[in-house]
Amino acid sequence: MFEFDRGIVDTNLPKSRSALNCLTHSLYAKESSLARFIAWLSPEKRGRLLSIVSSLDAIEGHVFYISAKSLDMLRKIVLKSLDVNRIKTTFISDNDVITALATLVVAHGATNKRFSDSVCVGSRKGVWLRSAFQAAKKIMHLAPQRPEEPANSTDSWTTSIVVDARCRLKHITESNYTGNAVFVVPILSKLECMNSCNFEQALADLASAIRSTVSGISGPSIAQIVDIVSKSPHCYAQALANSITNSRKVVVSNQSRFPLYSVDFGLGRPEWISPVPAFYANFVSILPKNTRLDGYHVYVITSKRTMKHVLSNRIWLEYTSLVY
């Protein structure tokens, strides 16, 4: 028995509210003409818009496997580095490690080329459309600069983490709610630090920031986001609008807890559940965990140019293996 009514999220919100960090509050609360436009579109036209945007760049997706052994090695690196810097952290999750590693690899791959050259990828039509879109963005202020960002946007990198409300709201898990209950929480990092630090320090800093941010999202903070969106319904499209207009970002979604490998669809339990076709640049998905394996499959989608760097990244290849 499954529940599809999103009203169940509202009925299970706690009465208390907690303040959001400035970046998350800004993501949902700031006005954006693009978000209003996306929210105004029907689901079909919204999907068509995303297809057009994704077609502007040549994108490529690959599935990688990271074993439990590799995760343990990376976790030890993180904890050791944090201990040296006297940062007391007793828990770093698999999600923290994978998200931090994938973010560093994608960011390094993307910044090995100048972003001003990204318009050269794809057809001439794509070049013209992207140039027009970037010009319109500046004129209409579709993506207003957040006060937390450096004056030069090329100095920063955003890790947008998709957070599931189900495990953070009481009783919602019991209802088997399968509708949309996710929110985006951004983390802003300085590229200078990500590139200048040694790998161990950069991984530890990012994993620690992810752990701190994700653990700070609770029922009261989710209720605060819902309050913001309820006042201006178009705000729910803010995260999507920001992803479209922000080139220097990676969106990470963890689907590993969805028990798809324990479901019998009529022909026995599945041997392999494939991801959807590549649709969105700089997107990382931790796929549903196969109970027969100790590690995780990670689906990475980037531009073809960035993917060349990912596939040749020495550290990425050391801890992961290419599936296809």
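Nearest heavy atoms, Thr306 versus Gly109: CG2-C, 3.7 Å. The shortest non-hydrogen separation linking Ala237 to Ile38 is CB-CG2, 4.0 Å.
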Side chain to side chain donor-acceptor pair (under 3.5 Å) between Ser93 and Asn95: does it pass, once the steps are laid out? CA-CA 5 Å; Ser93 70; Asn95 179 74; 4.7 Å; no
As a quick check of understanding, evaluate side chain to side chain contact (heavy atoms under 4.5 Å, CB included) for Asn242 and Lys249, giving each step before the final call. CA-CA 10 Å; Asn242 180 266; Lys249 58 86 183 53; 5.8 Å; no
Side chain to side chain contact (heavy atoms under 4.5 Å, CB included) evaluation trace for Val310 with His108: CA-CA 8 Å; Val310 173; His108 287 171; over 6 Å; no
Applying side chain to side chain contact (heavy atoms under 4.5 Å, CB included) to Leu206 and Ser189, what does each step give before you reach the verdict? CA-CA 8 Å; Leu206 191 52; Ser189 305; 3.7 Å; yes
Side chain to side chain contact (heavy atoms under 4.5 Å, CB included) between Ile66 and Val298: does it pass, once the steps are laid out? CA-CA 8 Å; Ile66 181 168; Val298 183; 4.1 Å; yes
Evaluate the criterion ring-ring contact (aromatic ring centres under 6.0 Å, His included) for residue pair His309 and Trp316; output intermediate values, then yes/no. CA-CA 10 Å; His309 295 292; Trp316 181 251; over 10 Å; no
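Val106 has its side chain out of reach of Phe283: every pair of non-hydrogen atoms, C-beta onward, lies at least 4.5 Å apart. Using a 4.5 Å heavy-atom threshold, the side chains of Thr159 and Thr99 count as touching. A 4.5 Å side-chain heavy-atom check between Tyr236 and Tyr28 finds every atom pair outside the cut-off. The shortest distance between side-chain heavy atoms of Leu104 and Trp157 does not fall below 4.5 Å. The closest side-chain heavy-atom distance from Asn254 to Val162 is not below 4.5 Å. Contact of the Ser285 side chain with the Gln255 side chain is registered, since non-hydrogen atoms from C-beta on lie closer than 4.5 Å. Contact annotation: the side chain of Ser243 approaches that of Tyr280 to within less than 4.5 Å [non-hydrogen atoms, C-beta and beyond]. Side-chain contact between Tyr324 and His62 is absent, with no heavy atoms from C-beta onward closer than 4.5 Å.
Distance check: Ser156 OG to Glu192 CD gives 12.0 Å after rounding to the nearest 0.5 Å. Atom OG1 of residue Thr103 and atom CD1 of residue Ile161 lie 7.0 Å apart, to the nearest 0.5 angstrom. In this structure, His234 NE2 and Trp40 CH2 are separated by 15.0 Å, a value rounded to the nearest 0.5 Å. To the nearest 0.5 Å, atoms OG (Ser16) and CG (Leu13) are separated by 10.0 Å.
Note on Arg75 versus Asp72: salt bridge recorded, some NZ/NE/NH1/NH2 to OD/OE distance being below 4.0 Å.
Shown are Asp96, Leu203, Ile92; of these, the side-chain contact (heavy atoms from CB on, under 4.5 Å) with Leu74 is made only by Leu203.
Side-chain N/O atoms of Ser67 and Tyr319 include no donor and acceptor closer than 3.5 Å. Side-chain contact check for Glu60 and Thr302: no donor-acceptor pair (N or O, by modelled atom type) lies under 3.5 Å. Between the side chains of Asp205 and Gln201, at least one donor N or O sits under 3.5 Å from an acceptor N or O.
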List the atom pairs, donor and acceptor, that lie under 3.5 Å between side-chain atoms in residues 217-232 and the rest of the protein, sequence neighbours left out.
unit_1 : atom_1 : unit_2 : atom_2 : d
Ser221 : OG     : Ser218 : N      : 2.7
Ser221 : OG     : Ser218 : O      : 2.8
Asp227 : OD1    : Arg17  : NH2    : 3.4
Asp227 : OD2    : Arg17  : NE     : 2.5
Ser230 : OG     : Val226 : O      : 2.7

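Stacking of Lys289 on the aromatic ring of Tyr261 is not recorded, the 6.0 Å distance cut-off and the 45° axial limit not both being met.
Counted within 6.0 Å of CZ on Arg292, heavy atoms from surrounding residues, nucleotides or ligands total more than 12; the atom is thus considered enclosed.
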